Amino acid sequence: MLEKSAIPFHEIIEILVDEYEEEGWWPHESRFEIMLGAILVQRTKWANVEKALDSLKKITSLDPRSILSLERHDLENAIRPSGFFMQKSERILSLSSLLSERFNSDSKKLFDLGVGSAREILMDLNGIGPETADTMLLYAGDKPVFIIDSYALRIYKRVSGSRSIPSIKHMQKCFIGPRKITAGLSRHIHSAVVTHCQRTCKTRPSCTSCMINRYCEEAKK
DNA sequence: GGCCAGGCACAGC
DNA sequence: GCTGTGCATGGC
């Protein structure tokens, strides 16, 4: 009976993907900027991340060495709007040191090691967990990685009416369906899931206006 | 003024 | 292994 599911998840995801374009919702100018954004956005809204990135752009050239040359106080002040500024400045310095020392500040070299190795190296850094690592792999490394975040989990739980936490493999199977995972598909699914959860399937959901409510246990309540 | 936001680490069961 | 908690700011 384990992980048996009659819910047509990939049909649901198809609807969301059709509804929400992947309109460059993660703006960036470099791989490193994406990686910084992935740290800065932890438990924070993107609007606040933009403030932090804008401030950083004014005082650095947004590359690892330039970040490392900052006074700690200036780094903290720049990223203050994104919250948790002491933790996040520590995490940003760890990442910058890693890239500077082991990859000559070229993050592409890290991703060229492949998904498995790159993920392991990133997760060894304090403050980079599975979601942040996978976000970096997908958006900065252009790797075909499926991101499980709290939004994907929310949709899974509400649609299925299940309280238990499914395995990552199971969720991936549900969301991707029979298709082959590509970076492009994964980005599109991830952005659609996030957008849907921000606009409709919020902490307190607006089920009456939801385009997938006919599939959803939560909406039947 | 309370609640929430693209997590993670760490302590205590 | 799982659950609770601290981390901090900004916007509704």
Side-chain angles (χ1 to χ4, degrees), chain A residues 2 13 16-17 20-28 31-56 72-96 98 119-143 145-158 162-168 170-172 175 183-206 218:
Chain A
L2 187 67
I13 293 303
L16 296 182
V17 162
Y20 305 109
E21 294 297 322
E22 190 207 342
E23 37 194 280
W25 71 295
W26 193 313
H28 64 276
R31 293 178 196 273
F32 185 60
E33 183 175 344
I34 296 174
M35 298 174 89
L36 289 182
I39 291 174
L40 291 170
V41 80
Q42 292 170 351
R43 288 304 300 176
T44 309
K45 290 178 180 171
W46 185 258
N48 296 331
V49 175
E50 286 192 321
K51 291 178 192 167
L53 285 174
D54 284 346
S55 302
L56 277 180
R72 179 64 178 253
H73 178 74
D74 291 333
L75 175 58
E76 289 179 354
N77 258 346
I79 68 168
R80 192 177 288 268
S82 73
F84 306 107
F85 61 89
M86 288 192 283
Q87 290 185 353
K88 286 179 180 175
S89 56
E90 191 70 42
R91 293 169 186 184
I92 285 171
L93 288 173
S94 300
L95 175 68
S96 300
L98 170 81
R119 191 171 197 271
E120 200 173 320
I121 290 169
L122 287 170
M123 297 252 308
D124 273 347
L125 295 178
N126 206 292
I128 297 190
E131 187 180 334
T132 305
D134 287 345
T135 301
M136 290 178 178
L137 286 165
L138 178 60
Y139 288 96
D142 197 31
K143 299 294 179 188
V145 171
F146 183 69
I147 298 177
I148 305 286
D149 55 17
S150 52
Y151 288 150
L153 206 55
R154 179 191 293 174
I155 290 184
Y156 180 90
K157 283 185 174 176
R158 284 184 177 163
S162 159
R163 276 191 53 80
S164 61
I165 295 173
S167 71
I168 289 180
H170 177 64
M171 279 197 60
Q172 185 166 321
F175 279 47
L185 176 62
S186 188
R187 279 193 290 263
H188 200 159
I189 291 176
H190 181 231
S191 65
V193 164
V194 173
T195 306
H196 184 63
C197 284
Q198 288 174 341
R199 293 187 190 167
T200 308
C201 197
K202 296 170 286 195
T203 307
R204 285 203 301 189
S206 313
E218 179 73 24

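Source: prediction; values computed, not measured. In the text below, chain A, chain B and the rest are named by the order of the sequence lines, each starting its count at 1.
Looking only at side-chain heavy atoms (C-beta outward), A:Arg72 and A:Leu93 come within less than 4.5 Å of each other.
The main-chain N or O of A:Phe146 is never found under 3.5 Å from a side-chain atom of A:His190 such that the two would form a donor-acceptor pair. Looking at A:Ser162, its side chain never comes within 3.5 Å of a backbone N or O of A:Lys157 through a donor-acceptor pair. With A:Lys88 contributing its side chain and A:Gln42 its backbone, the two residues share a donor-acceptor pair below 3.5 Å.
Comparing the same atom, P, in B:dC8 and in C:dG10 gives a spacing of 22 Å after rounding to whole Å. Spacing between C:dC2 and B:dG6 at atom C1', rounded to whole Å, works out to 24 Å. Taking the P atoms as reference points, B:dC3 lies 15 Å from C:dT5, given to the whole Å.
Counting to the nearest Å, the C1' atom of C:dA8 and the CD1 atom of A:Ile92 are 14 Å from each other. A:Leu40 has its CG atom 13 Å from the P atom of B:dC8, to the nearest Å. Between the CD atom of A:Glu50 and the C1' atom of C:dG11 there is a distance of 15 Å, given to the nearest Å. If you take CG of A:Leu153 and C1' of B:dG6, they are 14 Å apart, rounded to a whole angstrom. In this structure, A:Ile39 places its CD1 atom 17 Å from C1' of C:dA8, rounding to the nearest Å. Rounded to whole angstrom, the span from the CD atom of A:Gln198 across to the C1' atom of B:dA5 amounts to 9 Å. The nearest whole Å value for the distance from the CZ atom in A:Arg80 to the P atom in C:dC7 is 15 Å. In this entry the distance linking CD of A:Glu90 with C1' of B:dG7 reads 16 Å, nearest Å.
A:Glu131 comes within 4.0 angstrom of the backbone, heavy atoms only, and of no base. As judged by a 4.0 angstrom heavy-atom cut-off over every strand, A:Phe84 is placed among the base-contacting residues.
Here the nucleotide nearest the side chain of A:Gln42, chosen from B:dG6, C:dT9, B:dC8, is B:dC8. If you check B:dA9, C:dT9, B:dG6 against the side chain of A:Asn48, the one that comes closest is C:dT9. Nearest to the side-chain atoms of A:Pro81 among the listed nucleotides B:dG6, C:dA8, C:dG10 stands C:dG10. Closest contact between the side chain of A:Trp26 and the listed nucleotides B:dC8, B:dG6, C:dG10 involves B:dG6.
Between A:Ser150 and the phosphate of B:dG6, there is no side-chain N or O to OP1/OP2 separation shorter than 4.0 Å. For the OP1/OP2 pair of B:dA5 and a distance below 4.0 Å, the side-chain nitrogens and oxygens of A:Thr203 include at least one atom meeting the criterion. Residue A:Thr132 places at least one side-chain N or O closer than 4.0 Å to OP1 or OP2 of B:dC8. Here A:Lys51 reaches the OP1 or OP2 of C:dG11: one of its side-chain N or O atoms lies under 4.0 Å away. Regarding contacts with the backbone of B:dA5, a side-chain N or O of A:Arg154 is found under 4.0 angstrom from either OP1 or OP2.
Along DNA chain B, the nucleotide closest to A:Asn126 and the one closest to A:Asp149 are compared, and the more 5′ of them pairs with A:Asp149. Each of A:Arg43 and A:Ala47 has a nearest nucleotide on DNA chain C; the 5'-most of these lies closest to A:Arg43.
With a 6.0 Å radius and a threshold of 12 heavy atoms from other residues, nucleotides or ligands, A:Gln198 has its CD atom above the threshold.
A perpendicular orientation is assigned to the rings of A:Tyr156 and A:His170, their planes being inclined by more than 60° (bins at 30° and 60°).
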